[in-house]
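Numbering of ligands and ligand atoms starts at 1, following listing order. Throughout, residue positions are numbered sequentially from 1 according to the sequence presented.
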Amino acid sequence: MTTDSNWTVEDAEQLYRVKRWGAGYFEIGENGNLHITPDHTNTDMRIDFKSVVDEINEIGIQFPVVVRFHDILRSQVRNLNETFLKTIEEAQYQSTYMGVYPVKVNQMREVVEEVVDAGAPFNFGLEAGSKAELLTVLAYNTNENSLTILNGYKDEEFMRLAMLGRKLGRKIIVVVEKYSELIALVRVAKEMDVVPLVGLRAKMNVKGRGKWEGSGGDRAKFGLTTAEMISASRYLAQHGMSDSLKLLHFHIGSQLTDIRSVKDAVTEGARIYADLHHMGFALEYVDVGGGLGIDYDGSKSTSDSSRNYTMSEYVSDVVFGMKEICDLEEVPHPILVTESGRALTAHHSCVVTEIVGEISASAMTFETDVAENEHVLVTNMRDLADSVTTQNNLQEIFNDAVDWKEQALAAFKLRVVSLEELAKIETLYWQVMKALQKRLVNTDFIPEDMQELEYNLSSQYLCNFSVFQSAADTWAIEQVLPVVPLSRMNEKPTVNCSLVDITCDSDGKIDQFIGESGMSNIIPLHSLKEDERYYLGLFLTGAYQDVMGDMHNLFGRLNEVHIFSYDDDPDDFYIEEIVKGSSVNNVLSIMQYNPDSMAQSVKKVIDKHIAAGEIKPREGVKWIDFYEDCLQGYTYLKTNRDK
Ligand SMILES: *Cc1c(COP(=O)(O)O)cnc(C)c1O
């Protein structure tokens with residue numbers, strides 16, 4: 001055990017594992033604050049998260065806040081492209097790499113713009129999976145040398161938009177997910193007199209491991225069977241469009257946890273590509289889809305929130321795997337395409353929330369002095385509390401305490417024990433449990449009944465945010481996201497906690513954390529101080545979490561600050577943009593309310609009370625102003641210092 005005084009940031013690293021999930025971007029600084037190195041190629045640039053938080057407070061932005069590090073996003077785009085180019089050279093692969101970013105992973109305009117800009121030197125393109133996304137990529141992927149890949153289910157209007165893209169000179173490839181789409185595509189292309197670029201999505205036999213393994217196998221929702229792929233190729237040939245068949249696509253699922261499924265998919269895909277070549281269809285591209293995983297829990301394992309490979313290993317398996325089969329089959333090496341979204345975006349954004357309170361069953365105590373004629377259960381529990389440090393049968397103490405507390409509750413209902421006596425019994429009960437837990441820390445074997453003690457005695461820290469808006473996947477699919485205090489990590493954390501949000505939903509909580517040895521349902525954090533705000537960061541939220549949240553309880557989108565690193569600045573950064581989150585007005589309007597008429601109707605009622613002399617006119621005006629201000633305000637809690 002480390003004592004309070006010799007706790008170091010290395011101990012904090014052991015506990016929070018920042019380096020393991022931080023991918024070189026995040027680290028605990030010597031001063032105990034979280035530090036960010038947004039660019040691996042310039043490690044002199046280090047941003048202290050505390051200064052970012054201070055500046056957000058200075059400019060009066062209310063928390064919770066999404067903090068976006070645009071340089072991390074750019075670094076990841078560069079990493080992926082450079083890793084492919086390097087591996088292609090090493091492998092003497094006879095073609096190149098042209099990746100695309102699937103916008104569904106984070107459709108925020110700023111994210112898409114940054115990816116396109118950072119990817120320009122590599123002709124990195126975009127992928128769309130719906131009509132709205134297609135309209136977006138038509139406007140934003142202006143680099144004619146990059147690919148635009150269209151997946152998802154399509155109607156005629158979708159096809160027409162895609163063909164418009166062709167007329168504008170874009171390399172737009174329509175990936176056929178369903179046989180009937182091909183017929184519509186051919187018809188529209190002929191009608192508009194354009195040569196389409198066609199891709200076929202293969203329904204793969206290999207299944208990815210992980211939460212999204214349903215993306216492969218016979219029951220997969222997407223893709224063509226082998227028979228359909230051959231018919232599709234022939235259909236194009238019949239219509240004089242053999243040359244339009246350009247790309248083979250597959251995607252076996254997101255967050256692939258096991259590298260073996262990547263290898264298997266590449267092998268299966270390469271075989272399909274080669275045989276189509278042998279059949280006379282000279283496809284140019286093989287698109288291996290997304291799936292490149294993120295190590296959310298830092299375990300480098302095949303757990304659902306991790307992966308047992310690195311980006312480099314993934315790229316090697318794609319490049320070398322494709323080369324091996326193509327060489328065996330004597331077909332040309334195709335241009336490689338990936339649709340990695342999660343891997344590009346996850347690290348670049350995080351949610352910063354302030355702890356606004358502590359909920360603990362044992363925090364508030366009641367005086368437990370002996371009273372005249374007190375009920376025997378009070379006396380018993382007091383004796384137990386007095387003897388708990390000296391007695392040796394811990395199991396018996398535990399059983400007695402639980403038993404007597406239950407009896408007390410029954411006795412209370414029967415009007416035998418008073419409310420004050422019940423408060424005494426509960427206070428003593430928690431004293432016993434705390435003492436028991438202290439003693440258990442030093443024993444090797446913890447009986448089953450008592451294994452929950454640590455969790456039951458832990459506090460709940462109340463976080464000013466909504467899980468449903470900001471961390472949808474922790475609720476929906478038990479996705480683990482790293483949680484770390486942004487400061488005080490040079491101080492021993494003394495409070496075992498789980499986290500709860502401010503929604504009126506008992507599911508609005510986080511109780512899966514990265515622990516020193518595997519996952520834990522509690523996280524040690526620091527005790528709250530009267531005069532100092534305590535901020536937590538919820539990290540790796542840039543992929544999906546940023547855009548999938550909902551408005552449960554009418555908590556809306558978060559305020560956002562966009563951070564750019566800047567060498568010449570004393571703090572190495574500046575806030576480039578502030579995007580205001582939803583106001584109450586915004587979320588009410590979405591739900592079909594009319595906030596103006598709501599204010600009107602409240603005003604009418606206040607006027608009535610003024611007329612009746614129950615509210616003074618000056619006071620009434622103030623109330624109306626107050627109501628209107630709140631409508632314009634943020635949907636989250638205002639803490640004392642927010643003005
Ligand atoms: C969702 C999706 C992706 C993105 O997958 P990641 O695992 O986030 O990289 C890529 N391609 C298709 C077809 C998708 O549906």
- Across all chains, not counting sequence neighbours, the salt bridge (charged side-chain N to carboxylate O under 4.0 Å, His left out) partners of E27 are R46

With a 4.0 Å cut-off, would you call [X] and [Y] a salt bridge?
X    : Y    : answer
K154 : E157 : no
D546 : R68  : yes
E191 : R187 : no
D39  : R78  : yes
R20  : E13  : no

Kindly print each ligand 1 N/O atom paired with any protein N/O atom under 3.5 angstrom away, one pair per line, or none if nothing qualifies.
unit_1, atom_1, unit_2, atom_2, d
ligand 1, 7 (O), S254, OG, 2.5
ligand 1, 7 (O), G291, N, 2.9
ligand 1, 8 (O), R342, N, 2.9
ligand 1, 8 (O), Y544, OH, 2.6
ligand 1, 9 (O), G291, N, 3.3
ligand 1, 9 (O), E339, O, 3.4
ligand 1, 9 (O), G341, N, 2.8
ligand 1, 11 (N), E339, OE1, 2.5
ligand 1, 15 (O), K104, NZ, 2.7

